[in-house]
Every structure is written in structure tokens, then in C-alpha cells.
> 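Before anything else, here's the structure in question.
Chain identifiers are assigned alphabetically (A, B, ...) following the order of the sequence lines, protein sequences preceding nucleic acid strands; residue numbering begins at 1 within each chain. We use all heavy atoms of the structure for the numbers below, so side chains are in, but hydrogens, waters and symmetry mates are not.
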Number of protein chains: 2
Amino acid sequence: MLKISELAAQTGLSAHTIRFYEKHGLISASERSEAGYRYYSDADIRRAEFVKTARNIGFSLDDIGQLLSIRLDKDSHSCQEVTDITQHKLDEVNGKIAELKIMQQTLQRLLDSCGGGPEDATHCSIIEALEEGDVASTVSARNGGHS
Amino acid sequence: MLKISELAAQTGLSAHTIRFYEKHGLISASERSEAGYRYYSDADIRRAEFVKTARNIGFSLDDIGQLLSIRLDKDSHSCQEVTDITQHKLDEVNGKIAELKIMQQTLQRLLDSCGGGPEDATHCSIIEALEEGDVASTVSARNGGHS
DNA sequence: TATAAGCTTAGAGTTGGCTCTAAGGTCAAT
DNA sequence: ATTGACCTTAGAGCCAACTCTAAGCTTATA
């Protein structure tokens, strides 16, 4: 049985974050001392590490919630539910990469067009491009936003 | 002279967003009617379009503030200041792309390992990988976070 | 026994960029 | 003169995932 700070040390999550995850149903302490101190069992620890791993990969807390409930009752969930969550996340990641690549290209093009020397910005081609608005490929962004 | 809704129509920004940008010093109306209505001159419109263009590329509002002050007084700013801002943004974008590519690879590897069929999740290799924690390449993320 | 480290809670604050609301004033058209 | 569309403001709310604070209790060590 670990205390919260010990679980924090093991998982690399902060005690604050562990409590935060508990509030969101991701992690819980299967026991409490009389004084209310959280005590984490081996199963709790494994769950916390699952959460940490999933978080590292980039799953949202919401995704992780779903993955955890599948993990808790594997028999009544299909493999496909898991791949759906994963595929959905992959799509999201691919979408973001695509957006960022457009930004990358635009920024690189701007930099290529401009020496960046110590001369004043009167004829700076970057400023000019921004003024002309001719920076081409605007981010298509189905979600409208820049992360 | 355009009213705010007209500027909104021209730029594709909402009137709310234009006021928000004004509050943050990016856009302003060089005139106001007696009743306080904003009226935008040609110069104001060009400035608003500059902001919109820079925003589309992915510059933060803070970056745009800097770019605008360079634009306002080109003589006393060097070209290099502009490339510095641009390069910094490019570095940031490249960093995010690198993070996302790691996620992408991990997610793809997970998907490849799992058929995703209708069978139950008892032996789901994705869940197993998350339980083992052996998902390899954790995002290095200098900033610690996923966008 | 006293002190410090560690635990508890509810709830507020952070980030960035909006987005919206409420309550009211203005203006153009009928 | 009245309707309805538009404008004004300050300020609240939203998103995700933390991060921190305050005030108070507990536990381990000296």
C-alpha cells in the first residue's frame, strides 16, 4: 500500500494530478486510513500506470476513461471499440500534423524570402507578404483553430 | 469608413473578435461616431487584414503585436527582428510536429498490432500494451504537454 | 512534546483565444 | 412613432489539463 506521495514518485505524476485524476474518475485509492489518507493497492498502482502510459501517448483524459472501463470489463467490450478510440486519436493527430505542416511550409517560405540581415525592415519581404496577404495556403482547419 | 460589422464581413473576423483584438492592442478604429460607433479607415482595414493573415499563418496574438509594431515603424526595426520572430515560430511548429509524429507512430504501431475485430477485448493487444507500459518512445516534450 | 513534513478538502487560478451575455443606446426604414 | 437591426460596455464563460492555495488535521522524527 502506497501513500499518495509514494504513488506520485512511482508514476511520475504529482500528488495534485493524482487527486485531479481521481476527481475525474481515472484513479482511485482502494483504501483510506482512519484519518482519510489515501492508500493505493497494487491494482491501483497498475491502473495509475496505465493512465500515465495512455497519457504519454497523447490520449485525452476522456479517451482514457473509456479505455479504463474497457480494461475493467474486457469480456463485454470488443477489440474494435479499442481500435476505434485509437484510430480516432490517430486521425486527430494526423489532422494536426497536416495543419502544422502547412504552417511550417509557409513560415519556411517566408524565411527563405528574407535574408534577415541588420538592415531596416522597410523592404522586409516577410512584412510585405503579410501586408499583401499573399502567403498562400491558409490552414484549412476543420476545427477552425490553431492548437 | 466601415462599421464594425462591415470590417467583420471584409476580414472574416467576427465583430466580437475585432473588439477582442482591439482590447489587446492589435486593431483599432481611428474614428468613432458621436454615439461611440467604431469607424475603420483604409489604414485600419489594412492593419486588420495584416492581423488576419498573420493569424492564419499561426502567429500568436503576441507575435502579431510585435510584427505590428515593426510594421508601424519599419525604419527603426531590422529585418532580423522579423526573421527572429518567424524562426522562433517555425521552431515551435517543428517541435510540435516532432511530438505529434511520435504520437502518430505509437498509435499506428498499436493499431497495426491489433486487428480490431468484433471479438472481446480480453486479449486486445492495445490494452495489453498500455498495461505493460511498453509503448516505447514516450513524447519527450520539452514543455511537458500535449497541445 | 514539539516541530516539520505530509496529508485532507473545496475551490480558485492559469493558459490562449476566443465567444457570449446583459443591459442599454442608436439608426434606418416603414 | 415604432420596429428591428445594429452598436456600445464590462465582464463572465469556455476548453483541457493541470496547478496552486488556504486552512486545518496527522504522522514521524528528535
Side-chain angles (χ1 to χ4, degrees), chain A residues 1-29 31-40 48 51-52 54-66 68 89 92-93 96 99 103 139 141-147, chain B residues 1-29 31-40 48 51-52 54-66 89 92-93 96 99-100 103 139 141-147:
Chain A
M1 289 298 207
L2 301 185
K3 280 193 287 189
I4 194 166
S5 63
E6 293 163 337
L7 181 64
Q10 275 231 357
T11 57
L13 300 166
S14 75
H16 276 304
T17 300
I18 292 169
R19 289 191 202 98
F20 171 79
Y21 283 175
E22 179 179 308
K23 199 157 42 176
H24 289 262
L26 302 183
I27 286 177
S28 65
E31 282 197 51
R32 292 279 190 137
S33 75
E34 283 185 18
Y37 282 31
R38 291 169 177 82
Y39 282 97
Y40 297 92
V51 170
K52 179 76 193 308
R55 195 73 198 86
N56 275 345
I57 292 171
F59 285 110
S60 69
L61 302 191
D62 194 83
D63 292 335
I64 295 171
Q66 290 177 248
L68 283 169
K89 186 74 205 173
E92 195 183 306
V93 166
K96 280 190 194 168
E99 273 181 42
M103 287 189 213
V139 178
R142 285 150 304 175
N143 60 22
H146 306 295
S147 62
Chain B
M1 290 298 210
L2 302 185
K3 281 194 285 186
I4 195 165
S5 63
E6 294 164 336
L7 181 64
Q10 275 231 356
T11 57
L13 301 166
S14 75
H16 276 305
T17 299
I18 292 169
R19 288 190 204 99
F20 171 79
Y21 284 175
E22 179 179 307
K23 199 158 41 179
H24 290 261
L26 302 184
I27 286 177
S28 66
E31 282 196 51
R32 292 278 191 137
S33 74
E34 283 184 21
Y37 282 33
R38 291 167 176 83
Y39 282 96
Y40 297 91
V51 170
K52 179 75 191 308
R55 195 74 198 85
N56 276 345
I57 291 171
F59 285 111
S60 68
L61 301 192
D62 194 82
D63 292 334
I64 296 172
Q66 292 177 245
K89 187 73 206 174
E92 196 184 305
V93 166
K96 281 192 194 165
E99 274 180 40
L100 286 167
M103 287 189 212
V139 178
R142 285 149 306 174
N143 59 22
H146 305 296
S147 63

> Report the distance from atom NE2 of B/H16 to atom C1' of D/dT8, rounded to the nearest whole Å.
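To the nearest whole Å, that distance equals 12 Å.
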> In whole angstrom, what separates B/E92's CD from C/dT15's P?
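Taking atom P of C/dT15 as the reference, CD of B/E92 is at 16 Å.
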> In whole angstroms, how far is the P atom of D/dA16 from the CG atom of A/D62?
8 Å
> Please confirm whether the shortest side-chain N or O distance from B/S5 to OP1 or OP2 of D/dC7 is below 4.0 Å.
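B/S5 to D/dC7 OP1/OP2: side-chain N or O found under 4.0 Å.
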> Quick one: is A/Y21 getting a side-chain N or O under 4.0 Å of the D/dC18 phosphate, OP1 or OP2?
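Affirmative; the distance criterion is met.
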> Round to a whole Å and report the spacing from CG of B/L2 to P of D/dC7.
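These atoms are roughly 11 Å apart.
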> Looking only at the side chain of B/S60 (C-beta and beyond, no hydrogens), which of the listed nucleotides C/dG17, D/dT8, C/dC7 gets closest?
C/dG17
> Could you tell me the separation between the CZ atom of B/R19 and the CG atom of B/L13, rounded to the nearest 0.5 Å?
12.5 Å
> Give the nucleotide from the list D/dT9, D/dC18, C/dG11 with an atom nearest to the side chain of A/T17.
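Shortest atom-to-atom distance from the side chain points to D/dC18.
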> To the nearest Å, how far apart are A/E6 CD and C/dG6 P?
11 Å
> Which one, D/dA17, D/dC20, C/dC27, comes nearest to the side chain of B/A35?
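Looking only at side-chain atoms, B/A35 lies closest to C/dC27.
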> Whole angstroms only, please: what is the CG-P distance between A/L7 and C/dG6?
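Atom CG in A/L7 sits about 16 Å away from atom P in C/dG6.
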> Which heavy atom of B/L26 sits nearest to which heavy atom of B/L61, and what is that distance?
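Where B/L26 meets B/L61 most closely, the heavy atoms are CD2-O, 3.7 Å.
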> Side chain of B/K3 only, please: which of D/dC7, D/dC18, D/dG11 is the nearest?
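Among D/dC7, D/dC18, D/dG11, the one nearest the side chain of B/K3 is D/dC7.
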> How long is the line joining CZ of B/R55 and C1' of C/dT19, in whole Å?
14 Å
> When you measure from the side-chain N and O atoms of B/R19 to the phosphate of D/dC7, is any distance below 4.0 Å, counting only OP1 and OP2?
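No, B/R19 has no side-chain N/O under 4.0 Å of OP1/OP2 on D/dC7.
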> Would you mind telling me which residue lines up with the more 5' stretch of DNA chain D, A/F20 or B/E22, judged by nearest nucleotide?
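Final value for this comparison: B/E22.
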> Looking at NZ of B/K3 and OH of B/Y39, how far apart are the two atoms once the value is rounded to the nearest 0.5 Å?
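One gets 5.0 Å once the value is rounded to the nearest 0.5 Å.
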> Ignoring backbone atoms, establish whether B/R38 has a side-chain N or O less than 4.0 Å from OP1 or OP2 of D/dT8.
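Yes, such a contact exists.
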> Could you check which of C/dC18, D/dT19, C/dT8 has an atom nearest any side-chain atom of A/Y37?
C/dT8
> What distance separates A/I64 CD1 from A/K52 NZ, expressed to the nearest 0.5 Å?
11.0 Å
> Flag the pair A/E92 and A/K89 as a salt bridge only when some basic side-chain nitrogen lies within less than 4.0 angstrom of an acidic carboxylate oxygen.
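Salt bridge present between A/E92 and A/K89.
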> In whole angstroms, how far is the P atom of D/dC18 from the NE2 atom of A/H24?
9 Å
